[in-house]
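Working notes, structure below.
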Amino acid sequence: MSANGIRLQVAECDGGGPLVVLLHGFPEFWWSWRHQLPALARRGYRVVAVDLRGYGGSDKPPRGYDLWTLAGDVAGLIRALGEPRAHLVGHDWGGLIAWTVTALHPRLVLSLTAIGAPHPLAVRAAVVRDPFGQGAATARYAAAFQLPRWPERSLRRDGGARVERILRSWSGPGWTASDDFAEAVAHYRRAIRVTGTVHSALEYYRWAVRSQFRIEGHRFAAAVARPPSVPVRQVHGALDPCLLASTAAASVRWAGPEHHLHVLPGTGHFPHEERPEATTALLVP
């Protein structure tokens with residue numbers, strides 16, 4: 001499907017009702033929503049999971065991995081699907097994109113659900129104000145991703161073995177012992193080896209860090225600072241080692257009047273995969 005000048009691959013389950021757009025995170029692709037696609041369709045929604053720019057079967061252009069452009073991709077996708085508005089559900093980077101779409105294209109959004117994804121300004125503030133908490137958590141992975149070439153080689157080496165280590169270290173203990181986790185590892189190890197994917201995925205992180213030292217970063221912060229008027233839900237794992245539950249809670253400042261935060265115990269960075277039934281029940285107001 002064409003949107004914002006690129007082709008985006010989508011998977012759809014149509015329950016005949018309002019549109020729900022599912023946006024994945026790193027190091028995943030649309031398949032991460034395998035539990036939610038049929039479940040939400042049974043509840044009467046038209047559900048579309050998309051491969052973000054640079055991932056899976058979507059185009060992998062050399063640029064455009066900033067939140068301005070990524071939000072434009074999603075806005076264009078909603079229009080291309082022929083719907084006036086959509087419920088947005090995003091995990092990790094998909095959640096940060098969903099926050100951004102809600103700020104920059106508010107007329108297209110019915111509601112926002114961010115999974116493992118605090119508001120972008122909450123992350124920015126926590127990195128500075130909590131250097132031994134969110135600052136250290138971010139540095140453990142994002143700092144190394146700023147290096148040239150080495151992170152790409154590291155993620156592709158040994159058939160994507162580092163992807164399994166990332167998934168295991170970012171997840172709660174319950175999921176990692178399951179057959180579902182083993183299946184997910186196999187899918188994501190294959191997906192990261194698709195030509196162009198690993199470089200594109202890392203460009204998200206590189207833009208996020210480098211923009212903080214540029215005028216572009218200040219402009220972006222100003223653009224997303226206005227709280228949304230639509231319902232906002234956050235679903236967060238209590239054990240998330242990447243984006244801390246305390247950072248998610250700090251998002252209330254930018255979340256608007258209809259905000260609810262749900263912290264799932266024993267859960268890491270992937271609530272929609274670790275605890276799919278509990279997460280799906282919280283996704284759409």
Side-chain angles (χ1 to χ4, degrees), residues 1 3-4 6-13 18-37 39-41 45-60 64-81 83 85-106 108-120 123 188 191 197 200-201 203-205 207-208 224 228 230-236 242-243 248 251 269-273 276 279-280 282-285:
M1 181 163 289
N4 202 28
I6 65 170
R7 291 174 302 136
L8 297 171
Q9 177 166 281
V10 302
E12 180 172 354
C13 287
L19 177 64
V20 178
V21 176
L22 305 174
L23 309 170
H24 68 84
F26 174 86
E28 302 167 309
F29 63 109
W30 74 261
W31 184 83
S32 72
W33 301 108
R34 62 198 176 278
H35 303 293
Q36 287 73 37
L37 277 161
L40 290 172
Y45 292 99
R46 179 189 181 190
V47 194
V48 173
V50 59
D51 283 341
L52 298 177
R53 174 186 291 247
Y55 283 89
S58 292
D59 282 350
K60 301 167 182 63
Y65 299 99
D66 57 277
L67 282 170
W68 300 95
T69 304
L70 294 164
D73 291 348
V74 175
L77 175 63
I78 294 170
R79 297 187 184 102
L81 290 166
E83 300 284 354
R85 305 178 78 189
H87 297 282
L88 294 184
V89 177
H91 166 250
D92 184 75
W93 272 106
L96 296 173
I97 294 168
W99 282 108
T100 306
V101 175
T102 304
L104 301 185
H105 307 277
L108 296 177
V109 181
L110 288 166
S111 72
L112 162 65
T113 303
I115 303 174
H119 190 280
V123 178
Y188 299 142
T197 296
S200 300
E203 285 296 288
Y204 285 63
Y205 291 95
W207 175 83
V224 299
V230 297
V232 174
R233 292 189 178 190
Q234 289 180 264
V235 182
H236 214 86
C242 308
L243 294 162
S251 300
H269 186 58
F270 306 94
H272 59 308
E273 299 195 78
T279 301
T280 302
L282 298 170
L283 292 190
V284 181

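Along the sequence shown, the residues carry numbers beginning at 1. Please read all numbers here as calculations on a predicted model, not as lab measurements. Basis for what follows: all heavy atoms, side chains included, without hydrogens, waters or symmetry-related copies.
Panel note: side chain Trp68, backbone Leu104; no donor-acceptor pair is recorded below 3.5 Å. Side-chain atoms of Ser58 never come within 3.5 Å of backbone atoms of Arg53 as a donor-acceptor pair (strictly under, hydrogens ignored). A donor-acceptor pair under 3.5 Å is formed between the side chain of Thr102 and the backbone N or O of Ala98. When atom types are taken as modelled, the side chain of Thr279 and the backbone of Pro276 share no donor-acceptor pair closer than 3.5 angstrom. A distance-only check finds no donor-acceptor pair linking the side chain of Gln9 to the backbone of Gly56 [under 3.5 Å]. Of the possible polar contacts, none joining the Asp51 side chain to the Phe29 backbone as a donor-acceptor pair under 3.5 Å is found. Side-chain atoms of His119 come within 3.5 Å of backbone N or O of Val224 as a donor-acceptor pair.
A heavy-atom distance below 4.5 Å is found between the side chains of Glu28 and His272. Using a 4.5 Å heavy-atom cutoff, the side chains of Arg233 and Leu283 are not in contact. Looking only at side-chain heavy atoms (C-beta outward), Tyr204 and Leu96 stay at 4.5 Å or farther from each other. Counting heavy atoms from C-beta outward, Trp99 and Gln234 have side chains that approach closer than 4.5 Å. Residues His105 and Arg79 form a side-chain contact, since some pair of their non-hydrogen atoms from C-beta on lies under 4.5 Å apart. Two residues are said to be in side-chain contact when any heavy atoms from C-beta on lie closer than 4.5 Å; Ser32 and His91 fail this criterion. Residues Asp92 and Phe270 fail the side-chain proximity criterion, which asks for heavy atoms closer than 4.5 Å. Looking at Val50 and Leu23, their side chains come closer than 4.5 Å, going by heavy atoms from C-beta outward.
Residues Leu67 and Thr100 come closest through the heavy atom pair O-CG2, 3.7 Å. For the residue pair Thr280 and Ala39, the shortest heavy atom distance occurs at CG2-CB, 3.8 Å. Looking at every heavy atom in both residues, Trp93 comes nearest to Ala208 through CH2-CB, 3.7 Å. Residues Thr69 and Asp66 approach most closely at N-OD2, 2.8 Å, considering heavy atoms. Contact between Ala41 and Cys13 at its shortest, heavy atoms only, is CB-CB, 3.7 Å. Nearest heavy-atom pair across His236 and Ala248 is ND1-CB, 3.5 Å.
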* Kindly indicate, with the supporting measurements, whether the criterion ring pair (Phe, Tyr, Trp, His ring centres under 6.0 Å) is fulfilled by Trp33 and His24. => CA-CA 8 Å; Trp33 301 108; His24 68 84; 8.4 Å; no
* **side-chain contact (heavy atoms from CB on, under 4.5 Å) assessment of Ile97 paired with Leu88** => CA-CA 10 Å; Ile97 294 168; Leu88 294 184; over 6 Å; no
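No donor-acceptor contact under 3.5 angstrom links the side chains of Tyr55 and Ser200, judged on distance only.
With rounding to the nearest 0.5 Å, the separation of CG in Leu52 from CG in Leu70 is 7.0 Å. Rounded to the nearest 0.5 Å, atoms OH (Tyr188) and OG1 (Thr197) are 13.5 Å apart. How far CG of Leu37 is from CH2 of Trp31: 11.5 Å, rounded to the nearest 0.5 Å. Interatomic distance, CD1 of Ile115 versus CG of Leu282, reported as 9.0 Å (0.5 Å rounding). Atom NE2 of His87 is separated from atom CG of Leu22 by 11.5 Å, given to the nearest 0.5 angstrom. The OG atom of Ser111 sits 9.5 Å away from the CZ atom of Arg85 when rounded to the nearest 0.5 Å.
Considering only residues two or more places apart in sequence or on other chains, Glu273 meets the salt bridge (charged side-chain N to carboxylate O under 4.0 Å, His left out) condition with Arg34.
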